[in-house]
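Order of appearance sets the numbers: ligands from 1, and atoms from 1 within every ligand.
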Amino acid sequence: AKMAGRNRYSFFSAEMNEQVRERAMLEMALREALDTREGLTVYFQPQMSQDGGTLTGLEALVRWKHPQHGMMSPGRFLPVAEECGLAVRLDEWVLDYTCSRMKDLPDVPVSVNLSPGQFCTDDLYERIMVIVQHYGVDPRRIELEITEKVLLEENVASHTALRRLREAGFRIALDDFGTGNSSLNYLRRFRVDKIKIDQSFVQHLGKSSESAPLLRAIINLGHAMGLDITAEGVETREQLDFLAQNGCNQMQGYLFAPPVPEERLADFRQTASGS
Ligand code: C2E
Ligand code: CA
Ligand code: CA
Ligand code: CA
C-alpha cells in the first residue's frame, strides 16, 4: 500500500510539474509576443442591425499565433495573461492596434474588451485617453466592454474611471449579461449604455422552455432602463427572428460572420453603405 501511495504521489506531482511548466512556457511566450508584437493580431466581428441587414458595429477580439502551438484561442491564453498581470498590457495593445487602424475600418463604432484587472490600476482613464489621443480617434467611436467581475473589485477608483470615460464619450457595454450572479446589482450601481446578452441564453432558444421568457425579460429590462441590447452568438435564422421580434437592437454571431481579419470586412462595408 505504501508503494502504491508513493507511486500515485509521484504520478500526480509529475503531472502537476508538467502543468506548471506549460504555464510558465506560455507566460514566457506571451511576454515575448507583447514585447516584439510578433504573432499578435486583432480580428473584428461584425455587429448587425435588428433585421440583420446592416453593419452597425465591430468587436475587436485578440488573436495569438503561438510560435509552436499555432493559432491559440483567447480562452486558453487569457486566463494565464490575467494571472500573471499581462492582460492589462494585452488589452492596451488591442486598443492601440484598433485605433491605429480606425480610419481604414468601416465607419461604425468598435468595441474593445477590458479585463477586470484594468480596474485595479488607478490610471485606467489616463492610459486609455493617451492611446485615443495619440491616433486622434473620437472616443465616441469606441465602446468599452466590461464584465460584472469588475464589480467584485470593490473600489472607488473603478467607479470614477468608468464615469470619466463615459463623460469623455466612450460607450460602456456590459458583456456576458446574465451569466454572473450580480448582473442586476451591477445595473443599479454603474451607468452603462448597452447590455450584451450572453450567447448561452440565445443558444438555448428552442431547447429549453425557459429561454424565451428569460430573453424577453432581459430585453424589456434593458429597454426600461434606456439601454441598447446586443445579442451574442446568433447562429440561426430562428434565433434572429425571435430576437428581432422582441426588440433586440443589435445582432452578433456566426449567422452573419465569425471574427475576421480586417481585409475580410470589405464585404460588410458594402452592406453598411446600403449598396
Ligand atoms: P466575448 O467578449 O464574449 O466574445 C465573444 C466570443 O464569442 C468570441 O470568442 C467570438 O468568436 C465568439 N462568438 C461570436 N459569435 C459566435 C457564435 O455565433 N457562436 C459561438 N459559439 N461563438 C461565437 P473569442 O474571440 O474566442 O473570445 C473569447 C473571449 O475572450 C471573449 O468573449 C472575451 O471575453 C475574451 N477576449 C477576446 N479578446 C479579448 C481582448 O482583447 N481583451 C480581453 N480582455 N478579453 C478578450
Ligand atoms: Ca466581448
Ligand atoms: Ca460576451
Ligand atoms: Ca464570454
Would you call [X]-[Y] a salt bridge at under 4.0 Å N-O?
X: Arg101; Y: Asp104; result: yes
X: Glu32; Y: Arg37; result: no
X: Arg89; Y: Asp35; result: yes

Can you sort out which atoms of ligand 1 are near [X], meaning under 4.0 Å from one of its heavy atoms?
X: Gly233; result: 16 (C), 17 (C), 18 (O)
X: Gly253; result: 15 (N), 18 (O)
X: Asp176; result: 3 (O)
X: Glu59; result: 2 (O), 4 (O)
X: Gln45; result: 14 (C), 15 (N)
X: Val94; result: 41 (O)

Ligand 1-proximal atoms of Lys196, by part, heavy-atom distance under 4.0 Å
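Neither; no heavy atom under 4.0 Å.
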Ligand 1 versus Ser115, non-hydrogen atoms closer than 4.0 Å: side chain, backbone, both, neither?
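Both the backbone and the side chain of Ser115 come within reach of ligand 1.
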In Lys194, Lys196, Arg171, the residue satisfying salt bridge (charged side-chain N to carboxylate O under 4.0 Å, His left out) with Glu145 is Lys196
Would you please say whether a donor-acceptor pair under 3.5 Å links the side chains of Asn185 and Glu148?
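No, no side-chain donor-acceptor pair sits under 3.5 Å.
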Would you please say whether a donor-acceptor pair under 3.5 Å links the side chains of Thr56 and Gln47?
no
Which class fits the ring pair Phe44 and Tyr97: parallel under 30°, tilted 30 to 60°, perpendicular over 60°?
parallel
If you look at every heavy atom in Pro74 and Val62, which pair is closest and at what distance?
CG-O, 3.6 Å
Looking at non-hydrogen atoms alone, which of [options] comes nearest to [atom]?
atom: atom 43 (C) of ligand 1; options: Val88, Val234, Asp91; value: Asp91
atom: atom 20 (C) of ligand 1; options: Glu145, Glu235, Met251, Glu232; value: Glu235
atom: atom 46 (C) of ligand 1; options: Leu61, Leu78, Val62; value: Leu78

Going by distance only, is there an N or O of Tyr254 that falls short of 3.5 Å from an N or O of ligand 1?
yes
Contact with ligand 1 for Pro258, non-hydrogen, under 4.0 angstrom
no
Has Gly75 got any heavy atom lying under 4.0 angstrom from an atom of ligand 1?
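Gly75 does not count as a contact of ligand 1 under the 4.0 Å cut-off.
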Atoms named by residue and atom, protein N, O or S, within reach of the Ca ion (ligand 2) (under 3.0 Å):
Glu59 OE2, Asn113 OD1, Glu145 OE1, Asp175 OD2
Step by step, would you call Glu18 with Arg23 a salt bridge (charged side-chain N to carboxylate O under 4.0 Å, His left out)?
CA-CA 9 Å; Glu18 183 56 31; Arg23 212 191 140 283; over 6 Å; no
Considering residues at least two apart in sequence or located in another chain, which fulfil the side-chain hydrogen bond (donor to acceptor under 3.5 Å, both in side chains) criterion with Asp91?
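Scan of Asp91 (side-chain hydrogen bond (donor to acceptor under 3.5 Å, both in side chains), adjacent residues dropped) gives Ser115, Gln118.
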